[in-house]
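Below: the structure, in structure tokens.
Every chain is numbered from 1 and lettered A, B, ... according to where its sequence line falls, protein lines coming before strand lines.
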There are 2 protein chains.
Amino acid sequence: MNEFTSLATVKRIADSTVRRLSLYLRFLEDFEQRGLETISSDELARRGGTTSAQVRKDLSFFGSFGKRGLGYSVPELSRRIREIMGLGREWRVIIVGAGKIGAALAQYQGFVQRGFHIVAVYDTAPEKIGRSWNSQTIRDIRQLERDAAQEKPDIAVLTVPSEAAQSMLDRIVKAGIKAVLNFAPVQLQAPADVTVKSVNMAMELESLSFSLTNHG
Amino acid sequence: MNEFTSLATVKRIADSTVRRLSLYLRFLEDFEQRGLETISSDELARRGGTTSAQVRKDLSFFGSFGKRGLGYSVPELSRRIREIMGLGREWRVIIVGAGKIGAALAQYQGFVQRGFHIVAVYDTAPEKIGRSWNSQTIRDIRQLERDAAQEKPDIAVLTVPSEAAQSMLDRIVKAGIKAVLNFAPVQLQAPADVTVKSVNMAMELESLSFSLTNHG
DNA sequence: GCTAACTTGTGAACGAATTCACAAGCCTCG
DNA sequence: CGAGGCTTGTGAATTCGTTCACAAGTTAGC
């Protein structure tokens, strides 16, 4: 495998690897801002709570970006990871469900900084529709399909109540969106070509309960 | 391994197993409400997007709760999992950081239903301190140590900006809290006897970006 | 009470992810 | 320019988690 290896030729990458890349990128951007030139796999590992072998293995799936004896060039590695992760472009994000969590997300600056632009917010409640919300007007969910055909959003963030989550996901899928971030504490079913990631706070809290109970 | 096996004697349980238990419990409670008596590992698996062997293996780490030829008693399995997960009691939760996410969490009813009671909310901003917030008055963060000594919270939910997260975690640890749910998009360092779970939305979005870019 | 149909519980086999360990390459200094 | 000190990249070994496959137990029907 060399630096020209294209991803299409590469076997399935583990989710854990992708998540760590995202983590490394955050450190690299931090180092970049502080003007550091190079970084070793060992330093990256220390920051990320992993091992240097793990860091090198993770990167090796995509090419070889370092210099033996020296380490990695901070700006270059940073650029390469952004490229691998598809962060070189802007992603069009819609938020479905204008509740508390939706509100918190819509106002979160971290998204825009990373190239995730919120292009629309939807809800079903008549009293919410039309209200302005952090430079977005809340739209009627009935517009979803029509809007999607035109505006071609890439990612949907699903922040509706559990009961509504599956049926709303079905609509999102039908509208042609291939990536969904779900905040409802339910297990969702979607076709194989649609990626669904879930953030389940209840599950995290219960994991904490488990570890407290069993001497974590 | 029999039904009296205590957890202390059991080897380390995989995080993935614990998370699935939490998932199974949700289905069981659903079945319980609908008055179903028994459930098979196969049905549980179908709901959870896994296999029946996985379900049985997960449960087998803690004992044997089913009846061959019949399946599991819904109320019993439900009770056993709650017991395993430590959900038989109430957990005292504090929220550190009264921003948008903190607000969304404080008002989220799902927590209370599962026995996670918010006993205090803290912030540093003078204009927020003293304000009332969903039956809680926002307290000065300087009270944290004193309050913790008295009120003995079990879990801290950390919803402060990234820059402040590590130093706030250090205070939480010093205050004797052994479980933390972190929402800041940074990797935190904590002693081994403190469990830290992180919810990192930026990372999830970047995983979606990766899968969209690489034909997920 | 015997047979047929089911479903659990669990060792064994398998597969995936992590860690080890070291050859190969790079830099510095004398 | 050669030696010494670093650090990468990667097969091999290991560890960890999942899936297989089947004996053993349960129920229902006849």
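For the salt bridge (Lys or Arg N to Asp or Glu O under 4.0 Å) test with Glu204(B), the passing option among Arg19(A), Arg114(A), Lys197(A) is Arg19(A); the others fail.
Remark: Ser60(A) is not in phosphate contact with dG9(D), judged by side-chain N or O atoms under 4.0 Å from OP1 or OP2. Checking the phosphate oxygens (OP1, OP2) of dC6(C), no side-chain nitrogen or oxygen of Tyr72(B) falls inside 4.0 Å. Between Arg20(B) and dT18(D) there is a side-chain N or O to OP1 or OP2 distance below 4.0 Å. Residue Gln54(A) places at least one side-chain N or O closer than 4.0 Å to OP1 or OP2 of dT19(C). The shortest distance between the side-chain N/O atoms of Ser40(A) and the OP1/OP2 oxygens of dC6(D) is not below 4.0 Å. Residue Ser16(A) has no polar side-chain atom (N or O) positioned under 4.0 Å from OP1 or OP2 of dA17(C).
Using a 4.0 Å cut-off between charged nitrogen and carboxylate oxygen, Glu32(A) and Arg79(A) do not count as a salt-bridge pair.
Under the salt bridge (charged side-chain N to carboxylate O under 4.0 Å, His left out) criterion, Glu43(A) pairs with Arg46(A), Arg47(A), sequence neighbours left out.
Arg68(A) contributes a side-chain N or O that forms a donor-acceptor pair with the base of dT8(D) under 3.5 Å.
Taking a 6.0 Å sphere around CD of Glu37(A), one finds it holds 12 or fewer heavy atoms contributed by other residues, nucleotides or ligands.
Counting any heavy atom pair closer than 4.0 Å across all strands shown, Ser52(B) reaches no nucleic acid atom.
Between Lys57(A) and Lys67(A), the one whose closest nucleotide on DNA chain D sits nearer the 5' end is Lys67(A).
Comparing dG9(D), dT19(C), dT18(D) against the side chain of Ser64(A) picks out dG9(D) as the nearest.
The CD1 atom of Ile13(A) sits 13 Å away from the C1' atom of dA16(C) (whole-angstrom rounding).
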